[in-house]
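Letters A, B, ... are given to chains in the order of the sequence lines, protein chains preceding strands, and every chain is numbered from 1.
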Amino acid sequence: MDSIGVLIPIPMSAYLEQELEKRFNLFKLWTIPHKTQFIKDHATSIRAVIGNAFSGADAELIETLPKLEIVASFSVGLDRVDLKKCKEKGIRVTNTPDVLTDDVADLAIGLALAVMRRLCECDRYVRSGQWKKGDYKLTTKFTGKTVGIIGMGRIGKAVAKRAEAFSCPIVYFSRTEKPDLKFKYYPSVVELASNCDVLVVACPLTEETRHIINREVIDALGPKGVLINIGRGPHVDEPELVSALLEGRLGGAGLDVYQNEPEVPEQLFGLENVVLLPHVGSGTVETRNAMADLVIGNLEAHFLNKPLLTPVV
Amino acid sequence: MAGSSSQETIMTHSVIHPQVLIIKPPPAFTYFESNFTQKFDILKAWESPLPLDQFLTTHAQSVQAILCRALTPVNADLLQLLPALKIVVSVSTGANHVDKAECRRRGIAVTNARNAYSEDVADIAVGLFIDVHRKISAADSYVRRGLWSSKGDYPLGSKIGGKRVGIVGLGSIGYNVAKRLEAFGCKISYNSRSERPSLSYPFHSDVCELAANTDALIICCALTDQTRHMINKEVLSALGREGVKVNVGRGAVIDEKELVKCLVNREIRGAGLDVFENDPHVPKELVEMDNVVLSPHKAVFTLESFKRGSEVAIANLEAFFSNKPLVTPVMDE
């Protein structure tokens, strides 16, 4: 298989690269000075592309690679892959569901606790010596608060399971109501936001869900509400979010994703009611290795004509 | 204005409110003062210009009740100055700042807040636990310093699901922690003064054995003679290189010098601490580390907790003054 060309556009995981190199002819695009020319020169040998949250396979890339057979994404989100185009051309697409569900859900709760109980601020308070001068002020109780979840897929359900252990009532919005769930359904995000204290974004990024968190939703969540985004940056109208936080119209936010990573709006740096993480939702050694194994497993299955492990297209 | 006018104050009330002494006001009092002043006449020692012992000798000789906080020790010296004292109402759960033996000798009852704060403390324990494993505070700092753009991705954290968590002290707080962490896929086991057979978590009678069989220890127990420095070099060794320690009990349950040494030498992976041996002094080595999360003893600092704490304190005071059984007397160890 080591003559099969696999294109990986940006660094994702040393372990993944290592395992890919053992099996395939791996093209690490970030090490190549003239990228466009390189892709043109090697177009006919590239049969697989590795995608992730930042880089996938858009229509342009797909057109440039006539021998492309499979896009294996090192992520569960496929917003960077032109799924329609792949389907048209018979290109397989795989992702990494399930293995990262727990880590992302863990982080959602971690973010909610960090924002409401001011964990990061207090850590800074101690380190700067301010504790010697006086106690930190009161923070907001998390247990018992109503948690609203947008998207009740694997991750949404996992967030609900954890929040329930804190006696949090769960309410949700989804494309369609899920009758097997015992949680209260709201038919619109604005209604959901009006009826919860902590709003968690846990749905895929699509045309429909872009800016699903807009000014109306933010205002409905309100000056005591907390937004937790573990989805994709474009789920949120970022300038609206920033002005709401600066003006006190929104109580707080825990963000793992942004409109234009790794750029994070600097106006947020001075706020004590936000927690800003550098897209670490699945960022544990164990999970990234499991994701890499799934990518490798899917590629091997494809090139050995076996059923794919986690196909989406 | 307390002090010399306190006698007159009592006389001008249409109802005679029983007197309660406060040396320094606990937050539960400050935030819910009117709930207390509706029922009691508060002798506010901290508002007097007199030095404390003079104040007490002049004004507190017939005081039967004191409302105290964790930071004001109720010891033999203080008790000496309060000959009529019959009850110590502590707004904290931990009552280690009260000399219980001395109180017993003098026939003084002691009450605490019992379970008033369990949920909020459990939330902080879990928050610190997640933070240490997923490096939340460290990564937040990284982003705010502009390093994500300039230096690249933050180093990977450690998966919480599947971790074996040992709870030291399975009281109300410990139980609340266990319930929460189970939902994250953690495997719970515990060490406590006595086994709780109604719970299915594996019990270890020896805390060292617990450490050897877990990936993280969460300290939720009271500080007593038995638990002082219970988490020592041996226990930290047994926990091992990948071990994480979280403490929401009392700082002195851990041998802090040993803990610092272990962290500096990377003999354990990390720690989340809300309490220290000498609050608010934090060993400077910890301040320089990125694998620890530090919290200024504020696990109970929510409005809801202080409301509950004030309710329990008032309930105990009311019971005392009407000769009814106390609500949350501190049990003998």
Side-chain angles (χ1 to χ4, degrees), chain A residues 11 102-103 105-107 109-114 116-144 161-167 261-264 266 268-270 274-280 283-288 290, chain B residues 27 31 119-120 122-124 126-128 130-131 133-150 152-162 176 179-185 279-282 286-288 292-299 301-306:
Chain A
D102 286 339
D103 271 1
D106 291 350
L107 198 76
I109 302 295
L111 277 169
L113 284 165
M116 292 172 80
R117 300 302 304 274
R118 299 287 195 266
L119 293 179
C120 311
E121 276 300 305
C122 282
D123 178 80
R124 279 189 278 273
Y125 190 78
V126 174
R127 284 175 202 266
S128 64
Q130 289 174 78
W131 188 21
K132 297 201 183 107
K133 300 191 192 133
D135 284 333
Y136 195 78
K137 55 194 169 178
L138 296 191
T139 55
T140 307
K141 183 169 181 152
F142 174 66
T143 284
K161 180 173 178 213
R162 284 150 179 76
E164 280 195 302
F166 292 79
S167 309
E261 296 169 22
E263 283 165 35
V264 176
E266 282 187 26
L268 299 180
F269 289 3
V274 305
V275 174
L276 306 167
L277 294 182
H279 202 152
V280 292
T284 65
V285 173
E286 298 90 331
T287 292
R288 291 286 169 86
Chain B
Y31 284 95
E119 290 174 338
D120 278 328
D123 285 358
I124 289 287
V126 175
L128 289 173
I130 301 175
D131 196 328
H133 282 86
R134 300 298 300 272
K135 305 179 194 277
I136 295 178
S137 290
D140 173 84
S141 232
Y142 185 79
V143 171
R144 283 176 205 255
R145 284 177 292 149
L147 297 175
W148 191 19
S149 317
S150 55
D153 282 338
Y154 198 73
L156 299 177
S158 170
K159 186 177 166 82
I160 287 170
N176 271 281
K179 220 169 51 93
R180 282 153 177 70
L181 286 181
E182 271 192 307
F184 289 76
D279 288 357
H281 297 281
V282 175
L286 297 184
V287 170
E288 284 147 30
V292 301
V293 182
L294 306 170
S295 176
H297 199 160
K298 42 137 274 186
F301 275 53
T302 67
L303 207 60
E304 290 90 337
S305 269
F306 286 152

Can you check whether [Y]'s main-chain N or O pairs, donor with acceptor, with [X]'s side chain at less than 3.5 Å?
X	Y	value
B/R134	A/D103	yes
A/R124	B/S137	no
B/R180	A/F166	no
B/D140	A/L277	no

Derivation of the side chain to side chain contact (heavy atoms under 4.5 Å, CB included) call for A/V274 and B/R144: CA-CA 11 Å; A/V274 305; B/R144 283 176 205 255; 3.5 Å; yes

Do you know which two heavy atoms are closest between [X] and [Y], and how far apart they sit?
X	Y	answer
B/G157	A/E286	O-OE1, 4.1 Å
A/R127	B/L294	CG-CD1, 4.0 Å
B/G146	A/F269	N-CE2, 4.4 Å
B/D120	A/K141	OD1-CG, 3.0 Å

Under 4.5 Å from any heavy atom of chain A - which part of [X]:
X	value
B/V282	side chain
B/E119	both
B/D123	both
B/S305	neither
B/L147	neither
B/L156	both
B/D279	both
B/H133	neither

Between [X] and chain B, which part of the residue has a heavy atom less than 4.5 Å away: side chain, backbone, both or neither?
X	value
A/T139	both
A/R288	side chain
A/V285	both
A/D106	both
A/L138	both
A/Y125	side chain

Any side-chain heavy-atom pair of [X] and [Y] under 4.5 Å:
X	Y	answer
A/R117	B/L128	no
A/L113	B/I124	no
B/I136	A/C120	yes

Please report the interatomic distance [atom1]([X]) to [atom2]([Y]), rounded to the nearest 0.5 Å.
X	Y	atom1	atom2	value
B/W148	A/H279	CH2	NE2	7.5 Å
B/S295	A/E121	OG	CD	12.5 Å
B/E304	A/T140	CD	OG1	7.5 Å
A/L119	B/I130	CG	CD1	9.0 Å

Quick check for you: among [options], which has the greatest number of heavy-atom pairs under 4.5 Å with chain B?
options	value
A/L268, A/D102, A/V275	A/V275
A/G283, A/A165, A/P278, A/G129	A/P278
A/Q130, A/K161, A/M116	A/K161
A/D123, A/L111, A/T284	A/T284

Row check, B/F184 ring normal vs A/R162 NZ/CZ: under 6.0 Å, within 45°: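 Here A/R162 passes the 6.0 Å and 45° test against B/F184.
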
Residues, nucleotides or ligands: over 12 heavy atoms within 6.0 Å of B/E288 CD: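 Counting neighbours around CD of B/E288, more than 12 heavy atoms of other residues, nucleotides or ligands fall under 6.0 Å, so yes.
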
Selection from B/V287, B/L181, B/D131 maximising heavy-atom pairs under 4.5 Å formed with chain A: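 Heavy-atom pair counts peak at B/V287.
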
